[in-house]
2 protein chains.
Amino acid sequence: MATNGSPSSRATTLSDVARLAGVSIATASKALNGRTQVKAETRARVLDAAERLSFSPNALARGLLAGRTGTVGLITSDLDGRFSIPILMGAEDAFGSGRVSVFLCDARGDAIREQHHVRALLSRRVDGLIVVGARPDPRPPLEPGVPVPVVYAYAPSQDPKDVSLVSDNVGGGRIAIEHLIACGRRRIAHITGDPTYGAAQDRSVGVLDALGRAGLELAGGTVLYGTWSEAWGRGATRLLLQQGTDVDAIFAGSDQIARGVVDALHEAGRRVPEDVAVIGFDNWEVLAANARPPLTSVDINLEHLGRVAAQRLVAAIDGHAASGTEVLPCRLVTRSSTAPIG
Amino acid sequence: MATNGSPSSRATTLSDVARLAGVSIATASKALNGRTQVKAETRARVLDAAERLSFSPNALARGLLAGRTGTVGLITSDLDGRFSIPILMGAEDAFGSGRVSVFLCDARGDAIREQHHVRALLSRRVDGLIVVGARPDPRPPLEPGVPVPVVYAYAPSQDPKDVSLVSDNVGGGRIAIEHLIACGRRRIAHITGDPTYGAAQDRSVGVLDALGRAGLELAGGTVLYGTWSEAWGRGATRLLLQQGTDVDAIFAGSDQIARGVVDALHEAGRRVPEDVAVIGFDNWEVLAANARPPLTSVDINLEHLGRVAAQRLVAAIDGHAASGTEVLPCRLVTRSSTAPIG
DNA sequence: ATACGTTGTGAAAACCTTTTCGGCACGAAG
DNA sequence: CTTCGTGCCGAAAAGGTTTTCACAACGTAT
């Protein structure tokens with residue numbers, strides 16, 4: 001009660017407006033929606049009445065009639081993870097304060113819960129769905145027979161005919177190495193995370209490709225897979241140094257790993273970037289920018305990905321259906337942890 | 001098109017079910033909703049038909065009739081900030097996969113955009129609103145006259161009659177200090193962030209209160225206010241040490257600051273926790289758990305806050321209206337950065 | 001004066017579900 | 001045979017909006 005501005009019974013309806021303006025609801029509707037066939041003076045009277053009653057049309061009734069609700073569902077699988085959020089922001093942004101509102105659902109990586117949410121959303125007659133995976137590997141598509149367009153973001157659908165949007169991890173690995181080479185580095189190691197992540201594999205592919213083009217080998221001989229943690233970054237770096245591997249640059253598979261790498265380098269008395277340059281991945285602001293020195297990092301443009309996902313979805317809703325997986329480029333953000341050798 | 005299971009024209013409706021079951025739509029409705037006055041055998045036939053057509057009732061039509069939509073709006077002011085997200089998760093959780101769906105809106109701290117979103121949500125006839133502030137200071141209430149219950153979370157409304165949920169920052173400061181004292185520490189400093197944050201002030205109050213009870217003074221004589229950054233944690237710690245302040249514990253106003261503190265302590269050759277114990281604030285997993293040593297930290301239970309917000313909102317929607325600001329307790333998460341002095 | 005086009009307005013249908021209430025059929029009681 | 005009750009079912013209204021189509025009024029051309 002405390003928050004109810006007016007204890008009045010119900011929201012004002014179009015007929016209230018029509019009555020106040022002295023016209024029929026049909027005319028009122030046309031006046032408010034900018035339809036022709038309404039005398040200017042009548043329209044003004046209606047608009048004034050609507051203003052006075054602070055009328056706002058009932059979207060339910062409108063959606064019921066139009067067969068379109070102007071709502072979409074966004075199903076994420078790890079809200080706590082930091083990947084869903086920028087995507088969500090991008091999508092929210094692209095839909096705009098415009099005509100589309102977003103239902104947010106967190107499935108927590110549980111297929112049952114996901115299905116449940118899909119059902120609920122369809123029951124609310126959403127016009128489309130965006131599915132954001134928990135990790136970038138391909139995931140099973142939603143149950144077949146969903147009667148609205150679906151766009152998969154971050155994690156592509158296993159069905160190649162579905163519309164999916166993913167980051168170019170191969171390219172991300174490549175630009176990191178190209179930057180290091182451009183800095184004059186030649187003995188480059190790659191410490192990354194869980195090898196069961198396709199993204200880790202893809203980045204390695206990009207790394208090896210870029211090195212190969214430059215006629216270089218990977219320092220240490222092999223990609224160092226581990227976990228996506230600072231501890232692993234430290235451990236792998238120590239290992240590398242203990243083995244006496246000659247290294248003047250390390251590309252880390254995540255910013256967390258990079259923090260560990262920098263830490264271990266300092267511990268061993270190596271200067272960053274003078275002795276060893278370091279690149280992270282993800283461009284997680286709070287980690288990358290606050291490191292000592294601030295970390296150069298590969299940004300996978302998640303917000304952009306979310307925006308594109310939203311655009312593809314509205315296109316599909318409007319009948320301009322696309323199909324297949326679209327790969328979006330990464331972007332290098334340079335900070336102080338890389339610099340020309342000298 | 002690719003994602004459309006059936007290119008069929010429209011979703012199946014109750015009359016489709018009724019026709020297939022050979023009954024009227026009234027009977028079909030009653031059968032599906034567990035109403036009495038339906039013969040068991042008839043009910044079975046209807047349920048079977050609904051199953052076969054994979055019927056799901058149109059929530060719009062239902063909401064139109066019932067005057068309740070089973071939706072709520074969640075307006076956040078900083079999605080990128082890490083405070084909205086746990087609250088959002090808690091709320092999503094409390095509403096459950098149950099009957100309530102959540103519209104998510106990001107106002108980006110812009111009052112105009114916020115108002116716009118409120119209007120849009122009201123037009124969609126949400127049953128209630130949760131407003132999550134960007135920072136924990138009191139904020140202006142929504143425009144008056146909102147015809148549904150509103151709950152403010154994290155940032156309370158400036159109107160004390162509104163329903164608000166906030167963390168107990170005073171208590172958070174207090175339990176941090178009490179823990180340090182229990183560890184045998186006596187020379188405790190407090191390095192925190194932006195003094196224009198009420199939360200920073202409140203924690204300081206808790207700190208001074210706990211110290212006072214124990215008959216202690218703040219090491220360094222005064223609370224060190226600065227910014228919520230690692231750099232400030234480092235800088236303030238260096239300052240403290242340069243001044244020759246005798247210190248055996250530092251309570252940091254955030255985990256980021258705490259990371260800087262630990263960093264500077266190491267740099268100065270002090271051991272953590274043997275020489276100096278450190279406590280962070282926020283319990284931001286990725287920072288606190290990955291620090292060396294892992295940081296003891298005060299957790300403000302944001303997810304719980306979100307859950308309670310959701311509960312208060314449904315209570316208000318169901319007519320059990322409360323009023324006023326509710327303060328929820330913090331919780332200390334101990335890790336290795338604090339230990340009994342020895 | 002009649003015929004015709006123009007312009008503005010309103011009645012009514014449609015969207016889909018829930019609920020109320022009247023009615024039908026059937027067995028039992030009078 | 002009539003009356004009553006009981007158990008099931010269906011017709012219809014309600015909820016708020018948009019759109020179509022008919023109709024009224026009025027001015028213009030014949």
Side-chain angles (χ1 to χ4, degrees), chain A residues 8-47 49-50 53-71 99 120 122-127 147, chain B residues 8-47 49-50 53-71 99 120 122-127 147:
Chain A
S8 75
S9 46
R10 271 197 327 286
T12 76
T13 153
L14 186 56
S15 28
D16 297 334
V17 176
R19 197 174 326 119
L20 181 58
V23 297
S24 75
I25 56 171
T27 303
S29 172
K30 281 181 283 204
L32 290 171
N33 294 319
R35 286 266 160 287
T36 175
Q37 298 202 329
V38 177
K39 194 170 20 175
E41 184 263 334
T42 309
R43 184 188 306 278
R45 223 170 50 235
V46 171
L47 286 171
L53 299 174
S54 68
F55 168 74
S56 89
N58 187 323
L60 271 64
R62 197 180 253 179
L64 186 59
L65 191 57
R68 266 212 196 187
T69 55
T71 61
R99 335 200 55 66
L122 290 178
S123 161
R124 294 199 185 283
R125 296 300 186 265
V126 293
D127 296 333
Chain B
S8 75
S9 46
R10 272 196 327 286
T12 75
T13 152
L14 186 57
S15 29
D16 298 333
V17 176
R19 197 175 326 117
L20 180 57
V23 298
S24 75
I25 55 172
T27 304
S29 173
K30 283 180 282 200
L32 290 172
N33 293 321
R35 286 268 161 289
T36 175
Q37 298 203 327
V38 178
K39 194 168 26 170
E41 184 263 332
T42 310
R43 184 187 305 277
R45 225 168 50 234
V46 172
L47 286 170
L53 298 174
S54 67
F55 166 76
S56 89
N58 187 324
L60 273 66
R62 200 178 252 179
L64 187 57
L65 193 57
R68 264 211 198 189
T69 56
T71 61
R99 334 202 55 67
L122 290 177
S123 160
R124 294 199 185 283
R125 297 298 186 266
V126 292
D127 296 332

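Throughout, protein chains are lettered first and strands after them, A, B, ... in sequence-line order, and every chain is numbered starting at 1. Computed from heavy atoms alone, side chains included, the values below leave out hydrogens, waters and symmetry copies.
- Here A:R35 reaches the OP1 or OP2 of D:dT19: one of its side-chain N or O atoms lies under 4.0 Å away.
- The side chain of A:Q37 sits closest to C:dT9 out of C:dT9, C:dT19, D:dC9.
- Here the OG1-CZ distance, from A:T36 to A:R43, works out to 7.5 Å after rounding to the nearest 0.5 Å.
- Shortest non-hydrogen contact noted between A:L60 and B:R125 is CD1-CB, 4.1 Å.
- Atoms CG (A:D16) and C1' (D:dT17) sit 13 Å apart, rounded to a whole Å.
- As a whole-Å value, the separation of B:K39 NZ from C:dC24 P is 18 Å.
- Note that OG1 of B:T69 and CZ of B:R99 are 12.5 Å apart. Values are rounded to the nearest 0.5 Å.
- Comparing atom distances between the A:R62 side chain and each of C:dC21, D:dT17, C:dC16 picks out D:dT17 as nearest.
- Side-chain atoms of A:V38 and A:V23, non-hydrogen and from C-beta on, never get closer than 4.5 Å to each other.
- For A:K30, the side-chain atoms get nearest to D:dT19 when compared with the rest of D:dC8, D:dT19, D:dT18.
- If you check C:dG10, C:dT17, D:dA11 against the side chain of A:S24, the one that comes closest is C:dG10.
- For A:A26, whose side chain is taken as the heavy atoms from C-beta onward, the closest listed nucleotide among C:dT18, D:dT19, D:dA12 is D:dT19.
- Rounded to whole Å, the distance from CZ on A:R45 to P on C:dG8 is 13 Å.
- Once rounded to the nearest 0.5 Å, the distance linking OG1 of A:T13 with CZ of A:R19 reads 8.5 Å.
- Residue A:T27 has a polar side-chain atom (N or O) positioned under 4.0 Å from OP1 or OP2 of C:dG10.
- The separation between B:R68 atom CZ and D:dG15 atom P is 18 Å, rounded to whole Å.
- With rounding to whole Å, B:E41 atom CD is found 11 Å from D:dC8 atom P.
- D:dA11 atom C1' lies 14 Å from atom CG of B:L14, rounded to whole Å.
- The listed nucleotides are C:dC15, C:dT17, D:dG15; the one nearest the side chain of B:I25 is C:dT17.
- Without hydrogens or angle criteria, A:R124 side chain to B:A59 main chain gives no donor-acceptor distance under 3.5 Å.
- Picking from D:dC9, C:dC16, C:dT9 the nucleotide with the shortest atom distance to the side chain of B:A61 gives C:dC16.
- Taking for each of A:F55 and B:V38 the nucleotide of DNA chain D with the nearest heavy atom, the 5'-most of the two is the partner of B:V38.
- Contact annotation for A:S29: base contact, defined as any heavy-atom pair under 4.0 Å involving a base atom.
- The side chain of A:N58 approaches D:dG16 more closely than any other nucleotide in the set C:dT18, D:dG16, C:dG10.
- At whole-Å resolution of the value, CG in A:L53 and P in D:dT17 are 12 Å apart.
- Closest-nucleotide positions on DNA chain C for B:P57 and A:V23 were compared, and the one nearer the 5' end corresponds to A:V23.
- Applying the 4.0 Å criterion to OP1 and OP2 of D:dC9, one finds that B:T42 has a side-chain N or O inside that range.
- Atom-to-atom, CZ of B:R19 to P of D:dG10 comes out at 14 Å; the value is rounded to the nearest Å.
- Side-chain N/O atoms of B:T13 include one lying less than 4.0 angstrom from OP1 or OP2 on C:dT17.
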